[in-house]
Amino acid sequence: MQITETLARLVAEALESVQTSGALPAAGDVAIKIERPKLAEHGDFSTSLPLVLARTMRMAPIQIAEAISGAVPEHEMVGKVEHAAPGFVNFTLSTAWLQSQVDVVRKVGGAFGSVEVGSGKNVQVEFVSVNPTGPLHVGHARGAVIGSSLANVLEAAGYDVQREYYVNDAGNQMRVFYDTLYSRYMQAAGHDVPLPDPAYPGEYLQELAADLLNDLGDNAVSKDRADATAELAPEGLKRTLADIRRVLELLGVTYDQWFYEGELFRTGRFEQVLELLEDSELIVERDGAKWFAATKLGLEEDIVVIRSGGGGPTYFGTDIAYHHQKFFERKFDRVINVWGADHHGHVARMNALMQAFGIDPDRLRIIINQIVNFKDDGESVKFSKRNNVMVTIEELLDEVGADACRFIFLSRSPESHMEFDLGLAKSQSSENPVYYVQYAHARMCSIVRVADERKIGFDSADLSLLIHERELDLIRRLIELPAVVERSAERLEPHHLPHFAMDLAKSLQRFYESCRVVSSEPEELEISRARLQLVDAARVVLGRTLGLMGMTAPERM
RNA sequence: GCCCCCGUAGCUCAACUGGACAGAGCGAAAGACUUCUAAUCUUUAGGUUGUGGGUUCGAGUCCCGCCGGGGGUACCA
């Protein structure tokens with residue numbers, strides 16, 4: 001059970017007992033919120049319940065606070081209960097209990113921080129899902145990092161998680177991609193075939209076409225356009241996807257499932273779902289096209305799902321089948337899509353779609369991450385696939401490194417319009433907070449190594465020796481991780497992790513500064529052992545935090 | 001025009017969904033290494049949370065109006 005839950009229970013008991021005794025009047029049901037005060041003098045946890053109750057009880061909040069704080073039952077976790085103006089009840093954790101947590105952390109080990117809010121529900125996190133028409137560029141990195149860390153956090157929170165990349169292999173953009181590939185292939189073979197319009201004019205397709213000519217030979221040259229394209233397309237797709245996958249892995253991003261849009265057509269699901277909606281008259285025909293009747297569900301306009309003139313399904317059209325499949329065939333309890341801000345217009349449509357399916361809209365959550373504004377030494381850089389000005393994720397990783405990249409993207413909440421200064425990230429990489437955090441981890445590992453070299457075993461230790469302010473501060477920090485995981489999972493906000501990591505690293509460095517761990521003085525052996533256990537616990541917690549962020553936890557730097 | 005997101009220290013960002021004196025990092029100023037890693041630590045300066053109202057015991061957080069920035073508003077994705 002989380003600390004706050006225990007405290008809330010104690011407060012509830014206290015409230016009940018003073019109401020039973022008649023010291024306080026009845027007040028109906030109230031939610032008891034336990035929070036963390038900003039100031040140390042206000043204790044470790046607090047509740048403003050008296051302020052909330054003041055009105056209905058028609059009493060001064062401070063009196064209520066006094067009554068409640070005086071009635072809080074004894075508990076091993078709680079050292080001190082105080083009331084404070086204007087109407088707070090403040091809790092200070094007991095020193096003995098804090099000391100005991102070092103052992104708890106070490107026993108739980110790498111699983112420390114896991115919570116059970118997910119209770120075995122299965123959730124899918126779909127992220128990146130960029131059309132495989134070329135290499136990923138820097139703009140895609142943010143969603144990749146957010147999605148992958150969120151998946152880690154949800155897993156730690158007890159969810160059964162599936163990470164998915166939705167491969168748009170069937171749409172318009174792919175046709176353009178294949179048409180361009182054909183032209184480039186013919187050009188590479190020495191034929192003057194102009195680029196289609198529209199086309200993907202970038203270098204990437206020239207290189208890919210040259211590779212295909214080299215590896216597959218020139219068989220396709222003599223075929224007509226359709227046959228040749230049909231021959232080149234699967235290999236072009238395969239190689240582009242393989243490259244995307246490779247670069248994502250460099251960034252520390254992996255998937256459980258690569259789901260192909262084409263699958264929705266091959267299995268007939270697209271047709272089925274459309275028929276289903278036609279039956280409930282949510283698909284209508286007009287102007288030669290098929291429309292999703294979103295106006296019947298409160299939206300301002302209907303949405304085309306199949307274009308007129310045999311134009312095929314739209315992006316939204318296949319999304320209908322795709323999401324139906326997620327909920328009804330694969331039966332996910334929850335689905336989370338991480339999208340860039342350029343797709344935010346679709347959110348309302350997706351909610352309407354959930355309505356059409358008769359699914360609780362809360363089961364689908366769409367995280368919109370805002371566009372990243374890239375700068376280079378203060379100068380704004382605009383990227384675009386069309387005008388061919390872009391930096392690939394791979395180039396970014398060459399310059400900045402995956403860990404630093406992840407940390408930077410992760411520390412901003414998704415809705416912030418973040419700045420990413422490439423020049424700064426490169427030139428000041430040693431001042432980057434990411435190294436501060438990793439260094440703290442390496443330092444703790446180093447201490448354990450030294451203890452090992454000097455043959456100082458610390459399997460057993462007297463933890464009651466840990467009474468230094470910095471030691472207790474560090475323990476307080478360590479045991480925050482479960483709450484951080486819980487909050488990040490419940491609110492789908494992985495950005496709390498790097499901030500916690502910074503705070504933890506700070507506590508570690510401060511402890512290191514004030515408390516000598518491995519001592520050569522014989523009379524300090526016992527305190528050394530106790531501190532070694534603390535260092536070991538801290539190493540575990542920081543390592544886990546880095547792991548959740550998808551970063552490495554170096555043992556030396 | 002309409003819809004969504006944002007505006008917090010010089011810069012980059014937090015603030016536990018309405019709580020107590022708004023916090024970190026970087027940058028700036030001043031200090032600290034004979035021991036386990038100085039990629040460190042200790043101080044100091046820096047704020048009318050864009051702005052004007054409102055709700056509340058209490059507002060960076062909720063509501064309304066302005067100002068500024070970004071994104072969307074296709075039979076593109």
Side-chain angles (χ1 to χ4, degrees), chain A residues 4 33-39 41-42 46-48 51-52 54-55 61 84-88 90 129-131 133 168 171-173 176 198 287-291 300-301 303-309 311-317 319 340-348 368-371 373 378 408 411-421 424 428-433 435-436 438-440 442-451 453-454 480 483-484 486-488 490-491 493 495-496 498-499 502-503 506 509-510 512-520 528 531-532 535 556-557:
Chain A
T4 49
K33 217 169 88 184
I34 303 292
E35 42 209 20
R36 309 185 62 85
K38 288 177 195 124
L39 266 66
E41 65 194 74
H42 295 146
S46 70
T47 180
S48 58
L51 288 165
V52 179
R55 175 167 299 228
F88 290 94
N90 297 333
S129 300
V130 174
N131 285 349
T133 58
N168 287 96
N172 257 345
Q173 300 304 312
V176 174
D287 306 332
K290 286 195 178 184
W291 303 70
E300 291 195 353
E301 289 178 321
I303 308 150
V304 174
V305 294
I306 296 182
R307 285 179 272 261
S308 59
T314 60
Y315 171 82
F316 180 72
D319 250 5
D342 52 338
H343 286 68
H344 87 254
H346 287 279
V347 175
I368 298 295
N369 62 272
Q370 294 298 322
I371 303 298
N373 186 18
I408 292 170
S411 52
R412 278 74 161 167
S413 68
E415 66 269 21
S416 74
H417 299 247
M418 68 174 286
E419 301 266 345
F420 193 115
D421 195 316
L424 212 65
Q428 305 192 333
S429 57
S430 65
E431 275 81 40
N432 197 308
Y435 298 108
Y436 179 84
Q438 290 184 317
Y439 183 67
R443 243 185 177 172
M444 296 306 117
C445 291
S446 172
I447 294 173
V448 174
R449 265 198 311 273
V450 170
E453 282 161 15
R454 299 190 193 174
E480 271 183 48
V484 172
E486 183 174 302
R487 191 160 107 235
S488 301
E490 279 181 343
R491 294 166 57 163
E493 292 178 344
H495 74 268
H496 299 296
H499 289 102
M502 271 301 285
D503 291 341
K506 184 82 182 171
Q509 303 282 25
R510 285 161 60 91
Y512 176 88
E513 186 70 17
S514 306
C515 303
R516 174 82 204 179
V517 178
V518 182
S519 172
S520 40
S528 279
R531 284 177 174 164
L532 278 164
V535 165
R556 300 169 195 273
M557 282 176 77

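Excluded from the calculations below are hydrogen atoms, water molecules and symmetry mates; all remaining heavy atoms, backbone and side chain alike, are included. Model, not experiment: these values are computed from the prediction. Lettering of chains follows the sequences in order, A, B, ..., and the numbering in each one begins at 1.
- A donor and an acceptor atom never sit less than 3.5 Å apart when one is taken from the side chain of A:S48 and the other from the base of B:rA20.
- Contact of A:S308 with B:rC75 (side chain to base): a donor-acceptor pair of N or O atoms is detected under 3.5 Å.
- A sub-4.0 Å separation between OP1 or OP2 of B:rC4 and a side-chain N or O of A:H346 is absent.
- Side-chain nitrogen and oxygen atoms of A:R412 include none within less than 4.0 Å of the OP1 or OP2 phosphate oxygen of B:rC6.
- Between A:Y436 and B:rC41, a side-chain N or O to OP1/OP2 separation shorter than 4.0 Å is present.
- Under 4.0 angstrom from either OP1 or OP2 of B:rA14 there lies at least one side-chain N or O belonging to A:S416.
- Counting atom types as modelled, A:N90 pairs a side-chain N or O with a base atom of B:rA20 as donor and acceptor under 3.5 Å.
- Residue A:R487 places no side-chain N or O under 4.0 Å from the OP1 or OP2 atom of B:rU17.
- Sequence order on RNA chain B of the closest nucleotides to A:R491 and A:A440 puts A:R491 first from the 5' end.
- Using a 3.5 Å distance cut-off with no hydrogens or angles, the side chains of A:Q509 and A:R443 do pair a donor with an acceptor.
- Under the ring-ring contact (aromatic ring centres under 6.0 Å, His included) criterion, A:F88 pairs with no residue at all, not counting sequence neighbours.
- If you check distances only, the side chain of A:H344 does reach the base of B:rG71 with a donor-acceptor pair under 3.5 Å.
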